[in-house]
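As the structure is a computational prediction, the values presented were derived from the model and not from experiment.
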Amino acid sequence: MKRSDIVTLASEAIFGKSLIMNVYRSIVVEAIISRALPDWTWCSSDYASHDFERNGIRLEVKQTAIRQTWSTTRLSRPSWDIAPRKGYWLDGKTWIPSPGRNAELYLLGLHPIADDTADHRDPEQWRFFVIATVDLPPTNRIGLRKVEQLASFSSVKGLAAKIDEILSQQRVTPTREPF
C-alpha cells in the first residue's frame with residue numbers, strides 16, 4: 001500500500017463522478033477559476049478569508065448547483081452565503097477581528113444543469129456572476145433572482161474580462177494590505 005495509491009483512490013472517490021458533494025465542489029470551482037484567471041493568486045485554504053488575490057484586491061468564491069449528489073425529486077434553489085464575518089485568520093494562525101466582508105469582489109458560481117448531462121467538473125457548464133462587495137445587500141444569503149438583478153452572468157471564457165470590467169469602474173479598492 002503506497003501513499004500515491006491512497007491519494008488516487010481518494011481522488012477518484014471524490015472527483016470521479018459527474019456530481020460532486022458540496023464540501024468538495026468548491027475545490028473544483030476554484031480550480032476552474034484558477035485557470036480562467038491566471039494572473040490572480042489562488043490563496044484559499046482552511047479558514048482563509050478569501051480565495052484569490054491580485055494587486056491587493058481580494059476575491060471570494062461561492063458556488064451552488066441545481067443538481068446535487070443526493071437523490072431528491074426537487075432541485076436545489078440556488079443561493080449563496082454572503083454573510084459578513086467577524087474577522088479573519090491571518091496565515092491560519094492569528095485571529096484578526098475585522099467585522100464585515102473579507103473581499104472586495106464576490107464571484108458566485110452557478111451550475112444550472114438539471115438533467116443527466118450535469119457534470120460539475122465541466123468548466124463550460126458553469127455560470128459566474130461577479131459582484132463588487134459594495135453592491136451586495138446587507139443579508140447573510142442571496143438568491144438567484146437578486147443576483148441576476150445585480151449582475152449578468154459570464155461563462156468561464158469571459159470571466160477575466162468581466163472582472164476587469166468591474167475593476168475598471170473604479171468602485172473597487174483594496175480595504176487592507178495584501179498578505
Side-chain angles (χ1 to χ4, degrees), residues 11 14-15 20-65 78-111 120-142 144 146-148 150-179:
S11 296
I14 293 169
F15 303 113
I20 299 171
M21 292 188 306
N22 289 353
V23 69
Y24 301 116
R25 195 171 54 232
S26 61
I27 296 168
V28 171
V29 172
E30 289 175 15
I32 290 168
I33 293 165
S34 75
R35 295 295 187 190
L37 305 177
D39 56 337
W40 286 73
T41 301
W42 183 8
C43 56
S44 70
S45 63
D46 281 347
Y47 300 108
S49 65
H50 58 284
D51 302 304
F52 290 86
E53 188 173 287
R54 182 180 78 182
N55 301 327
I57 300 292
R58 296 164 297 151
L59 177 70
E60 177 73 13
V61 176
K62 301 292 183 177
Q63 54 77 32
T64 190
S79 70
W80 296 265
D81 171 13
I82 58 165
R85 306 302 183 205
K86 295 181 183 193
Y88 61 94
W89 289 99
L90 182 62
D91 296 330
K93 300 172 188 166
T94 306
W95 175 252
I96 306 295
S98 180
R101 294 191 169 112
N102 288 321
E104 291 79 28
L105 290 173
Y106 273 66
L107 193 159
L108 307 178
L110 170 65
H111 193 278
H120 296 160
R121 303 163 302 179
D122 182 351
E124 299 299 321
Q125 290 189 1
W126 285 88
R127 292 181 182 170
F128 297 100
F129 300 88
V130 182
I131 303 172
T133 301
V134 298
D135 294 332
L136 290 173
T139 59
N140 291 341
R141 292 200 75 73
I142 190 168
L144 181 58
K146 183 64 176 175
V147 167
E148 289 176 328
L150 295 173
S152 59
F153 79 86
S154 171
S155 69
V156 69
K157 290 179 182 170
L159 190 53
K162 179 63 80 173
I163 289 174
D164 288 343
E165 174 189 326
I166 291 170
L167 291 175
S168 74
Q169 296 170 359
Q170 298 181 352
R171 295 175 342 99
V172 177
T173 56
T175 56
R176 67 174 188 240
E177 291 297 313
F179 293 123

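- Partners of His120 by ring pair (Phe, Tyr, Trp, His ring centres under 6.0 Å), not counting sequence neighbours, listed by chain and number: His111.
- Once rounded to the nearest 0.5 Å, the distance linking CD1 of Ile82 with OG1 of Thr139 reads 3.5 Å.
- Taking every heavy atom of both residues into account, Ala36 and Ala160 meet most closely at O-CB, 3.9 Å.
- A donor-acceptor contact closer than 3.5 angstrom is absent between the side chains of Trp40 and Glu53.
- Put simply, the side chain of Thr133 gets close to the backbone of Ala103: a donor and an acceptor are under 3.5 Å apart.
- Rounding to the nearest 0.5 Å gives a distance of 11.5 Å between CG of Leu59 and OG1 of Thr41.
- A salt bridge does not link Arg58 to Glu60: none of the charged side-chain nitrogens sits closer than 4.0 Å to a carboxylate oxygen.
- Within the 3.5 Å criterion, the main-chain N or O of Gly87 finds a donor-acceptor partner in the side chain of Asn102.
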Next on the checklist: With side-chain contact (heavy atoms from CB on, under 4.5 Å) as the criterion, how do Ile14 and Tyr24 come out once you've worked through the C-alpha distance, each side chain's angles and the decisive distance to 0.1 Å?
Outcome noted: CA-CA 7 Å; Ile14 293 169; Tyr24 301 116; 3.4 Å; yes
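- If you check the side chains of Arg141 and Ser79, you find a donor sitting under 3.5 Å from an acceptor.
- Glu124 has its side chain within reach of Lys157: a pair of non-hydrogen atoms, C-beta onward, lies under 4.5 Å apart.
- Under the 3.5 Å distance criterion, the side-chain polar atoms of Asp51 are matched with a main-chain donor or acceptor of Val61.
- Proximity of Phe15 to Val28: side-chain heavy atoms (C-beta onward) are separated by under 4.5 Å at one or more points.
- When side chains are defined from C-beta on, Ile163 counts as touching Leu107, because their heavy atoms get closer than 4.5 Å.
- Distance CD/Gln63 to CD1/Ile33: 9.0 Å, rounded to 0.5 Å.
- Between Ser44 and Glu30, the side chains place a donor N or O and an acceptor N or O closer than 3.5 Å (distance only, hydrogens not considered).
- Note: Leu108 CG to Asp81 CG = 10.5 Å, rounded to the nearest 0.5 Å.
- The OH atom of Tyr88 sits 5.5 Å away from the OG atom of Ser98 when rounded to the nearest 0.5 Å.
- Shown here is Arg85, whose CZ atom has more than 12 heavy atoms of other residues, nucleotides or ligands within 6.0 Å.
- Residues Arg35 and Pro123 fail the side-chain proximity criterion, which asks for heavy atoms closer than 4.5 Å.
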Item to check | Full working for side-chain contact (heavy atoms from CB on, under 4.5 Å) between Phe128 and Ile32 | outcome: CA-CA 11 Å; Phe128 297 100; Ile32 290 168; 4.2 Å; yes
Checklist entry - How far apart are the C-alpha atoms of Ile131 and Leu136, what are their side-chain angles, what is the distance that settles it, and do they pass the side-chain contact (heavy atoms from CB on, under 4.5 Å) test? => result CA-CA 7 Å; Ile131 303 172; Leu136 290 173; 3.8 Å; yes
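- There is a side-chain donor-acceptor pair under 3.5 Å between Lys162 and Ser152.
- Across all their heavy atoms, Ala132 and Leu105 have their closest contact at CA-CD2, 3.9 Å.
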Next on the checklist: Run the side-chain contact (heavy atoms from CB on, under 4.5 Å) test on Leu144 and Trp80 for me, step by step, so that the C-alpha distance in whole Å, both residues' side-chain angles and the decisive distance to 0.1 Å come before the verdict.
Outcome noted: CA-CA 8 Å; Leu144 181 58; Trp80 296 265; 3.9 Å; yes
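- Between the CD1 atom of Ile96 and the CG atom of Leu90 there is a distance of 5.0 Å, given to the nearest 0.5 Å.
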